[in-house]
Each structure stands twice: as structure tokens, then as C-alpha cells.
Chemist: 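Here it is, the structure in full.
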Amino acid sequence: MRRLFLLALACLAGCADAPVDAPPLRFSQRAGAARLAFIHVAGISSQRQLPETMGAGAAVFDADLDGDLDLYFVQSGALPLQAERAGEPPNELWLNDGGMRFSNHTAMSGDAAHRGYGMGASVGDTNGDGYEDLFVTNLGADVLLAGEPGASFRDVTGAAGISVTGWSGGAIFFDPDNDGDLDLFITGYLEIDIEHPQVCGLQREGWRSYCHPDAYAGVPDSYWLNLGDGRFRDATESAGLCDSAGKGLGAVASDLDGDGHLDIYVANDSVENRLWLGDGAGHFKDGTLLAGVGVNGLGLTEAGMGLATGDVDGDLQLDLFVTNFDDESNTLYRAEGAGLFSDITQIAGLEGSSRLSVGFGALLEDFDGDGDLDIAVANGHIIHNIELYHDGKTWAQKPLLWAGDGAGHFENVSATSGDLCATAVVGRGLYAGDLDGDGDLDLVLTECNGAARLFENLGQDERAVVLSGLPRGTLVEFHLRDGTTILREAGPQPSYFGSGSARLHFSGGAISGLDLRLPGGPSLSWPAPLAPGHYRVRLDPLELVPEPRERSAK
Amino acid sequence: MCILVQLLLAATLQAPAEGEALWQAGKRLEALDAMAAELTVRPEDRVLRLRLVERELELSRFQGALAHARPLGPAGRGAIGRALYFLGRYAEALEYLSRDQADEVLLAVESLRALGRIAEADSLLPRVRGLWGSEHPAYRLLKGRKLLREGDGPGAALEFEAVLARAPLEAEAHFGLGRALLASGKRAAALAQLERHRRLMPLLDRLDFARHGLALAPGGPANQAALGDALRALLDFDMRLKQTGLPGEARAAYARAFAGARGADLVPIALRAARFEVEVLDRPDLGLALLEEALLRHEAVRLRVRAADLCGTLAEYARARAHLETALHARPSDQSIQQRLAELNRAKEVK
């Protein structure tokens, strides 16, 4: 057993048994003051090519290792009808100068200023050099960008041996074989012939629309094994991840069956979602059928887009939330134990309020710091002229926000959430991170063919315990003074096509101790109280090293 | 599509006259425009207003239906309830949906479930039974849902099996049966059922997609043929479905496609329709008749060759030869046609 190393942590005011009152859950849009000016260009054409409407993601991470969270936005541009893309807009890296003020670092970011027709981004230190790397999915060749000093990145795709050239969706870095380095899972989306676009919609002026995914064949997902020397090997088949030609968009790696090993869940568009159960040695088997997470509770396939995991009902098991198409509602699967799940969307109060929107970015986070997970979703239709086909629907849609009660029930609080849900946008990505360093989780929303938006959480959480450096997928049980235990999972959460902050925020009450369940590894215990603040977690032996932080000026 | 919603959508009025001609001709948007124009001239015409509302509901013009239904008073309440339901305004819909109308009570149940008011939805089960009957799939499906949620696996399994006996394409019953068997501890049977559901779902999705494609453009031959293909795929999946209305529906879809196709577009449709007659309905004679009718409208080697093959099956060798010779005339160097002719000659010699 690993030696437990306890730092002498003073139990400060935050350790008191103060009741956790939920402050109002409100967000304020930070526009000019944040100086962020990323605008997604979708290259929308009269051809109505499906990639134009899928939007692109973003990543929230500390690119320059200065302690605050920076933003990387994936760009698209004109469709890649030819190889030359020098004239297309690049992906952009925006550095946080502190207090949620950003400066455009793209010109100094090296190959991070990539010019593909971008879809998503994933973050992880794949070579263990301490700098976060990026994997960017595209319509076309995906790229691995190695992080270097000065928030610069170098394209190492060729050297890494990664070759993915179709239409990729989401990507996740994770360590399913517990060998200490990060492997890579990429969802394949659709086979599309850009040169010969299909024509969909009513053959009438103005009615041409984007084609449904049913009009295309799917592209298989792929799994790339990190060989530990900067190279990756396609291990899709040997890992057992066959038969996955499933039109994948979102993917998440979590221990969904509670066996201690990371699993993969893939949200597929209009076909069955897939749960791949990991064995801790890098092999997977299809666990979809018995788990009951391939379709919704009515037995119907849905158009899975974004994903989030978390314990919504306090039973110390990870539940699963998937955003879907309109007339489907988003779906909340509750873990019932033994790897089984039930669709509790209706019971949870999530059905009606999400049935008319098309959900993309999905977050399960405690936004109001009351210890219960809340849900935020970015919405926006795929069909630009959907109002012609259904006069109650629109392309731009308002985001939605639900406050959780910790027992698996949610209340739609969108109307009182401030700016977040006030304006209809063609929402795609939605990512969380404490961008202003005040302890609560702020939001980044990406819009298809529109401006990225920042939403400041007005909560200002003084009670937050923030843990960084946890291996992704680590389950942390916070034991509270009042005898309750709350489960949280270390990120980053992928949402839709992206990567939220990997830092774990907890503010559910005074902590008397905690247990860490590392993927594939032992449980580590921290039996002492923990005062509010930022801690860097070091393993072997377990240390929680305080990270002093200056409060950001608002 | 959920059986409950199908039942509701099927409950539309038989609409007469005026814009109806456009509607029947497949010009549905034009039909709505025409009806709306008529209504501005005759706003007191309640029959016309009701017809327009129903047609608007069919074409997902729910805001329009809502506006046009309000002046109808009590007669429009059901339509208002349906429009509000499909606009996601469930709480308002509940104020309009009658618990004494068979179709509306189902929407009331679904509205309550959408709002998370599960106990209230369950409390309407006796009303559903009273209006639909205790053996109707709609009722038994709801009962199965409730039992499964309550953890009564064996009871739920019985209900879902009963649904499938009368509605074999009900996805929820297939999935629910698998879950119910699992809840009953019958893991192997559950897995087999869930696997069956997994294989069925893409076919049902395809059917759903095909039907959606027809909503606005029912006259499109390609869309009609796609519906035929989707139905045929289901029959291939489970030939027991031949005992249902599916074969007739598929044949009708192919017939509409066949009637509407022009020129070279007719060829693939005729071939698929003929294959359906031969391979699913075991009627090579009808398949041949289709192909020969198609040849009267559009000459094509592929149709000739396929017609010759069917003639061979029916021992109509002279007819087969005629088709093949015509085809060979069009493609003198086609080896497959030459080979077929040679085989035909050998068969004649043997005979």
C-alpha cells in the first residue's frame, strides 16, 4: 500500500459545518471586457454540405502553465475541396491574462494555428513532458500537436504514426491499459463525398436542407495505443473495438460499470450508442445491450451528440447524460448497479424541456456550489431552415440550465440564469472551467458560424476545493463533516467535440476526508479535513500540495 | 415511431373539396396555402377551418394549427391540445386534451410523462383501458412500462409479449421485453431479445426515415420506392411479418413509385418492385408482368435480362429468348447475355 503522506493543513474557516445554501445560479456574458474575439467560420454554402452545420469545439486548459485556464478554439473555414488551405482561418489559442481577460496568442502558438476543416480538440500530456498536447479532429487528416514552452505547439502527427483521414468527431485521451501514458480514442462520423454533395429537402426554392445522417454510411471509430516513445499504433482491432461503424460524435472515458477500469461510451448520431467495457489492460468488449444505454427507455435510437458523466443521485455511481436531436429529448441514464442503467429522463424532470431543442454541448457540474450536480446544455438545430419544416422550431436555440437536487431530480432554471439562456444561438460546444479564478465554474460556448461566448458564473465560491493533477477518470469520494459522502470524477469532460477543464471543483460542504479511486489502481485515502483552496495532487505517495492563488479582479 | 404517436397521427379527418385536390395531388404546401386563402374569404366556414387545422397538424404546422383552431371553440380543443403537445407546451396541452377521447388521452399520458408527472400519467391507465380496451397494444404497452418501472419483470414481460403479438414492430415492446426478462433474472433470454431489438432498430429507423420523406412529397417515386425497400427489409428480417399488412403496404408503395417514375428512373424501381414480387411474395408471374410493363414505357437491357430470367423460372423459354435477343441486339458483346442465351439453348435441347 502506498504510504500516506499528510501535509499539515490548517483547518480554516471553510472547515466549519456551515450549511450549504445554493446561491442563485446565474451567469453573465463577458464580451468586450474579456477581449475574446474568436468567430467560427463554417464555410456555409448553397450546397448545404453537412459538415457546415456541425460546428466546432474548444479546449479549456493551461497552455502556458501560468496557473490560469486558456482557450483553444477549433476553426473550420471553407470546405476542403482542395489541399491548399493557407488562406483559411486557423484554429486559435487565447491566453488568459488573469481574471478572465484574454489575448490572442495564435500567431505565437506554432502549429496550433492549424488550418484544417476542424471539428474538435482533446487535451492531454501524451509524452509526459509536463506540457499539455492537443489532438485536433478534422474533416480530413487529424493532427497531434505537442505542447512546448511558451504555449507553442508542434505538429508531431507523422512522427507519432497517427493517420486518420476521414471525418472524425470527438477524441479523448485516456489510459485504459494503466501503463501510465495516454492513449487516444477517436470517433469516426460519416463518409461524405464533398465533391458530389447530396441534395436533401423539398425540391422547392429555399427548402434545400442539410441531409440527415441516415443519408450517409458511418466511419469506424479508432483507438491508438501510446507506445511510450512518442509513437502511437492503431490498436482498434486488437483492443476489441471492432464493429464500431457507428456515426460517432461524442465519446467519454469513465468507469461506468464500477469495476475500477475505464470504459468508453460513444454517442452515435441516429444509430445505437455504444458502451465498450474496459478490462484495465487495454481490451474492450461491447457491453451496450445489457447495460441498456444503446437506446432510450422507449427502445429508440437517438441522435447522440454530447456527453457528460457524474453522480446525479448521490448513490456513488456514475450516471450518464447524452444530448440528442429534437423530438427525442436529452437522455439521463441512471446507474442501477452491476453495470445496468435505466433511462430516468422523465422521472428526473428533464424530458419536456429538452424535447424541442437539438442538444450538443453537455455538462454535469455543480455550478451553484451546493454539492449537487447541475446540467447545462448548448442547443442549436442542424437544419438551417428547420422552421419551414416545423413551424415551432428554429436553427438558433437558447441554451438550457437545470439545477440538480442531488437526488436525481432537476429543475429547469433557464429563465432565471441570467445571460446564459437569454439568447438563441446555434450552440455546439459548451465547456466549463474557472476562468476568473474565483472558485466557481464559468462557461465557454461555441457557436456554429458565430462568435464564441464566455459566461461568468456570478457565484464567487469561497468554499471550493479545487484539485488538479488527478489522472483522468479518477473517482474522488468527498467525506463531509455531516457524514455524507459525495462522488466526483476527475475530468476533463468532453462535452461535444472538446475538452473542459481537468480541474475538479468541489464545494458541497466541509470536508473531513476523501478517498481517491484511481483507474486500475488502488484507492488512496486522505483522512484529514481539507480547507477550501487549490491543491495539486501528487501520487505515490499521496500529497495534496496547496497552490496559492491570487484572487482575480473582476 | 412510437405506436402511441402513430395512433394519434392516424386519427385525422377525411377532408373534402377545394385545396384537397392539391393535397391529393401531393402538392401539400400549395394545398395549405389554398386552404388558408379560402379561409380568409370564408372565415366562418368551420368545416374548412377544421380541415385546414388537421392538414396543418399533419405537416408540422403547429403554430398555424394553433392559430386556426382557436376560433373553433370546443370543437377545436383537441387540435389545440395536439398542436401544443407537438410544440413542447405540455402543461398547456393538458388543459385542452380530453380524457374522454381515445387519442387525446394517450397524448395526455405522454404530456404528463414529459413533465415528469409519472404518477398522474399512471393514474390515467384505467381511462386508457376503458377507451382502447384491455387488450389493445397501446394500453398494454403503458401497463408494461409501469410494471417494469416498478420492478415487476415477469409482469412487464407478459405485457410486452402481448403487445408484440399484435404490433410486432413496436420498438419499445421489443426493448422492454429484453429489459423485463433481465429484471426477471433470465439473462440469456434477455440478451437474445435485446440482440433481436438491436438488429430490428436500424430497419425501423429506415422505415421511419422513409415515411418522413413522404410527408411533404408523397408523389416522389424515389421516396415511394424507398418506403417499399424499407418495408421489404423488415419482411426479410422476419418473414412472419408476411401475415401482417406489411406486404400490402410495400406492394402499394412500389406500385406508386412504379406509376410515377419516368424514363431511366423507372428501371431501378421496376427491378426492385419485381424482386419484391418474386422473392417476398413468391409471385414471379407478377414480377414478370411488372418488368414487361416497364419495358413498354422504357427500353433497358437490365429489364430485358431480368425479364428473361423470370421467363426461365416460369418455363416461358420462347419469351425468354425474345427478351435476351432484344438485349443482345442492344449490347452485342455482352457476355452475360450470350451466356444466358447459350444456357437457354442447352435447356431446350435437354428438354
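Chain letters run A, B, ... following the sequence lines, proteins first and then strands; every chain starts at 1. For the numbers below, each heavy atom of this structure counts, side chains included, while hydrogens, waters and symmetry mates do not.
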Chemist: Please state whether the side chain, the backbone, both or neither of A:Ser354 comes within less than 4.5 Å of a heavy atom of chain B.
Modeler: neither

Chemist: Taking every heavy-atom pair that is under 4.5 Å apart, which of B:Arg198, B:Met201, B:His197, B:Arg113 has the most such pairs with chain A?
Modeler: B:Arg198

Chemist: Given that the side chain runs from C-beta out, which part of B:Arg206 has a heavy atom under 4.5 Å from chain A: side chain, backbone, both or neither?
Modeler: neither

Chemist: Given heavy-atom pairs under 4.5 angstrom as the criterion, report whether the side chain, backbone, both or neither of A:Asp327 touches chain B.
Modeler: neither

Chemist: Given a strict heavy-atom distance threshold of 4.5 Å, which part of B:Leu59 is in contact with chain A: side chain, backbone, both, or neither?
Modeler: backbone

Chemist: I'd like to know if the side chain of A:Tyr389 pairs up with that of B:Arg61 as donor and acceptor (distance under 3.5 Å, no hydrogens or angles considered).
Modeler: no

Chemist: Say whether A:Asp319 and A:Tyr333, considering side chains only, have a donor N or O and an acceptor N or O under 3.5 Å apart.
Modeler: no

Chemist: Taking side chain as everything from C-beta outward and backbone as N, CA, C, O, which of these in B:Glu56 sits under 4.5 Å from a heavy atom of chain A? Side chain, backbone, both or neither.
Modeler: neither

Chemist: So for B:His174, is it side chain, backbone, both, or neither that comes closer than 4.5 Å to the heavy atoms of chain A?
Modeler: neither

Chemist: Within the 3.5 Å criterion, strictly below it, is a donor on A:Thr394 or A:Glu387 matched to an acceptor on the partner's side chain?
Modeler: no

Chemist: Only pairs of heavy atoms separated by less than 4.5 Å count here; which of A:Gln203, A:His409, A:Lys393, A:His212 has the most with chain B?
Modeler: A:His212

Chemist: So for B:Phe62, is it side chain, backbone, both, or neither that comes closer than 4.5 Å to the heavy atoms of chain A?
Modeler: both

Chemist: Out of A:Ser329, A:Gly292, A:Ser270, A:Ser353, which one racks up the most heavy-atom pairs below 4.5 Å with chain B?
Modeler: A:Gly292

Chemist: Side-chain donor-acceptor pair under 3.5 Å between A:Thr301 and B:Asp205, yes or no?
Modeler: yes

Chemist: Under a 4.5 Å heavy-atom cut-off, does chain B meet the side chain of A:Asp286, its backbone, both or neither?
Modeler: side chain

Chemist: Is there a donor in the side chain of A:Asp326 and an acceptor in the side chain of A:Ser357, or the other way round, less than 3.5 Å apart?
Modeler: no

Chemist: Can you say whether A:Leu340 sits under 4.5 Å from chain B via the side chain, the backbone, both, or neither, judging by heavy atoms?
Modeler: side chain

Chemist: Are B:Arg145 and B:Asp122 ion-paired here, with the side-chain N under 4.0 Å from a carboxylate O?
Modeler: no

Chemist: Between B:Phe237 and B:Leu200, is any pair of side-chain heavy atoms under 4.5 Å apart?
Modeler: yes

Chemist: Thinking salt bridges, do A:Arg274 and A:Glu272 make one under a 4.0 Å N-O criterion?
Modeler: yes

Chemist: Using non-hydrogen atoms only, which part of A:Leu290 is less than 4.5 Å away from chain B: side chain, backbone, both, or neither?
Modeler: both

Chemist: Output yes when B:Glu170 and B:Arg140 qualify as a salt bridge under the 4.0 Å nitrogen-oxygen rule, no when they do not.
Modeler: no

Chemist: Please classify the contact of A:Leu289 with chain B as side chain, backbone, both or neither, using a heavy-atom distance under 4.5 Å.
Modeler: both

Chemist: Tell me yes or no: between the side chains of A:Gln397 and A:Asn379, is some donor less than 3.5 Å from an acceptor?
Modeler: no

Chemist: Inspect the contact between B:Lys27 and B:Glu30 and indicate whether a charged nitrogen and a carboxylate oxygen are less than 4.0 angstrom apart.
Modeler: no

Chemist: Which heavy atom in B:Ala79 sits nearest to a heavy atom in B:Ala69, and how many Å separate them?
Modeler: CB-CB, 4.3 Å

Chemist: Anything in residues 177-187 of chain B with a heavy-atom distance to chain A below 4.5 Å? Please list those residues in order.
Modeler: B:Arg179, B:Leu182, B:Arg187

Chemist: So how far is it from B:Glu120 CD to B:Leu112 CG, rounded to the nearest 0.5 Å?
Modeler: 5.5 Å

